[in-house]
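First up is the structure itself, then whatever we jot down about it.
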Amino acid sequence: MASSYPNASTCANPLDPNRIEVILALMSGTGVASVLLCTVAMVLVFVLRLYRSLVYRLAAYQVLAALLYGIVCALQMFSKDQRDNTPLCQATAFFMIYFQWVKLMFTVWVTAHLFFFAVFYKNLKKWELVYVLSSVLVPIVIAIVPFTTGTYGLAGYIHFLEAIHAWQMIACSCTEYHDLYIPS
């Protein structure tokens with residue numbers, strides 16, 4: 001199927017523009033829902049003073065990362081006409097990948113913390129700075145690598161790595177929502 005996008009040789013998305021608009025509308029809609037739910041969760045964290053416990057703080061960081069990721073997803077509805085390799089589109093891709101990894105890193109640290117606390121009865125409050133710094137800095141390195149290697153490619157209105165096909169993008173998004181957002 002011929003693509004109507006510029007730079008069609010780097011386009012990793014075999015879907016026609018109408019299907020892309022539907023996918024982005026769904027992604028933007030779930031982003032808006034995520035922003036609303038995460039905002040309610042963050043308000044509850046402060047109202048109920050759950051930030052006093054390390055586990056709740058880590059969970060609040062996780063919700064904050066989900067909130068920021070939802071904002072990036074929701075903002076895509078305003079950039080429907082971004083069909084070329086613009087800095088705005090690349091920044092969107094960077095922040096999407098960055099916040100996905102931040103969310104994943106906090107999930108790993110919450111799981112590890114709860115495991116060590118439950119199995120070995122270790123209180124790891126002194127590790128909070130390590131949890132937070134590694135969850136914020138490691139994803140920067142991961143998200144910046146495609147910029148240094150030039151492997152961001154056109155994928156509809158949003159940019160992803162050139163090797164990712166549309167069905168993989170949809171499968172990854174569904175897996176991410178299932179694995180990362182439902183437990184939160």
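Only heavy atoms go into these numbers, but all of them, side chains included; no hydrogens, no water, no symmetry mates. Predicted, not measured: the structure shown is a model, and the values here were computed from it.
Partners of Trp109 according to the ring pair (Phe, Tyr, Trp, His ring centres under 6.0 Å) rule, which considers only residues two or more places apart in sequence or in another chain, are Tyr131. Shown here are the ring pair (Phe, Tyr, Trp, His ring centres under 6.0 Å) partners of Phe117, two or more places apart in sequence or in another chain: there are none. Considering only residues two or more places apart in sequence or on other chains, Leu36 meets the side-chain contact (heavy atoms from CB on, under 4.5 Å) condition with Val32. In this view, Ser53 and Val55, Tyr56 satisfy the side-chain contact (heavy atoms from CB on, under 4.5 Å) rule, not counting sequence neighbours. With sequence neighbours left out, Tyr98 forms a side-chain hydrogen bond (donor to acceptor under 3.5 Å, both in side chains) with no residue at all. By the side-chain contact (heavy atoms from CB on, under 4.5 Å) test, Lys126 is found to be paired with no residue, residues two or more places apart in sequence or in another chain being considered. With sequence neighbours excluded, the residues satisfying side-chain contact (heavy atoms from CB on, under 4.5 Å) with Val72 are Thr92, Phe95, Met96, Phe99. In terms of the ring pair (Phe, Tyr, Trp, His ring centres under 6.0 Å) criterion, residue partners of Phe116 (sequence neighbours excluded) are, by chain and number, Phe120.
Contact of the Val35 side chain with the Leu67 side chain is registered, since non-hydrogen atoms from C-beta on lie closer than 4.5 Å. When side chains are defined from C-beta on, Leu58 counts as touching Phe106, because their heavy atoms get closer than 4.5 Å. Using a 4.5 Å heavy-atom threshold, the side chains of Tyr69 and Lys103 count as separate.
Sorted pairs that involve residues 33-50 and meet salt bridge (Lys or Arg N to Asp or Glu O under 4.0 Å), not counting sequence neighbours, are lacking altogether. The salt bridge (Lys or Arg N to Asp or Glu O under 4.0 Å) contacts involving residues 26-44 comprise nothing, where partners must be two or more places apart or lie in separate chains. Screening residues 28-52 for ring pair (Phe, Tyr, Trp, His ring centres under 6.0 Å) gives Phe46-Tyr51 as the qualifying pairs, with residues at least two apart or on separate chains. Applying the salt bridge (Lys or Arg N to Asp or Glu O under 4.0 Å) definition to pairs two or more places apart or across chains, those involving residues 51-65 are Arg57-Glu128.
Connection of Leu114 to Val108 is not established within any shared hydrophobic cluster, with ILVMFWY side chains joined at heavy-atom distances below 4.5 Å, either directly or through further cluster members. In this structure, Leu50 is not a member of the same hydrophobic cluster as Leu37, with clusters built from ILVMFWY side-chain heavy atoms closer than 4.5 Å. Val132 and Val63 fall within a single hydrophobic cluster, where Ile, Leu, Val, Met, Phe, Trp and Tyr side chains are chained together by heavy-atom contacts under 4.5 Å. Residues Trp127 and Tyr121 do not share a hydrophobic cluster, clusters being chains of Ile/Leu/Val/Met/Phe/Trp/Tyr side chains in contact below 4.5 Å. In the hydrophobic clustering of this structure, Phe115 groups with Tyr61; members are Ile, Leu, Val, Met, Phe, Trp, Tyr whose side-chain heavy atoms approach within less than 4.5 Å, directly or through other members.
In this structure, Val102 and Ser135 approach most closely via the heavy-atom pair CG2-O, 3.4 Å. Scanning both residues, Cys38 and Ala66, for their nearest heavy atoms gives SG-CB, 3.7 Å. Residue Val136 comes nearest to Ile140 through the heavy atom pair O-CG1, 3.5 Å, listed as atom of the first residue, atom of the second, then distance. When every heavy atom of Ala59 is checked against every heavy atom of Val110, the shortest pair comes out as N-CG2, 4.2 Å. Contact detail for Gly31 and Cys73: the closest heavy-atom pair is CA-CB, 3.9 Å.
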Check step by step if side-chain contact (heavy atoms from CB on, under 4.5 Å) holds for Ile71 and Leu75. CA-CA 6 Å; Ile71 290 171; Leu75 289 178; 3.9 Å; yes

Evaluate the side-chain contact (heavy atoms from CB on, under 4.5 Å) criterion for residues Val138 and Trp101: first the C-alpha distance (whole Å), next the side-chain angles of each, then the deciding distance (0.1 Å), finally the verdict. CA-CA 8 Å; Val138 170; Trp101 277 95; over 6 Å; no

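Here the straight-line distance linking atom CD1 of Ile142 with atom CD of Gln100 works out to 11.0 Å at 0.5 Å rounding.
Of the possible donor and acceptor atoms, one in the side chain of Thr111 sits under 3.5 Å from a partner among the backbone N and O of Thr107.
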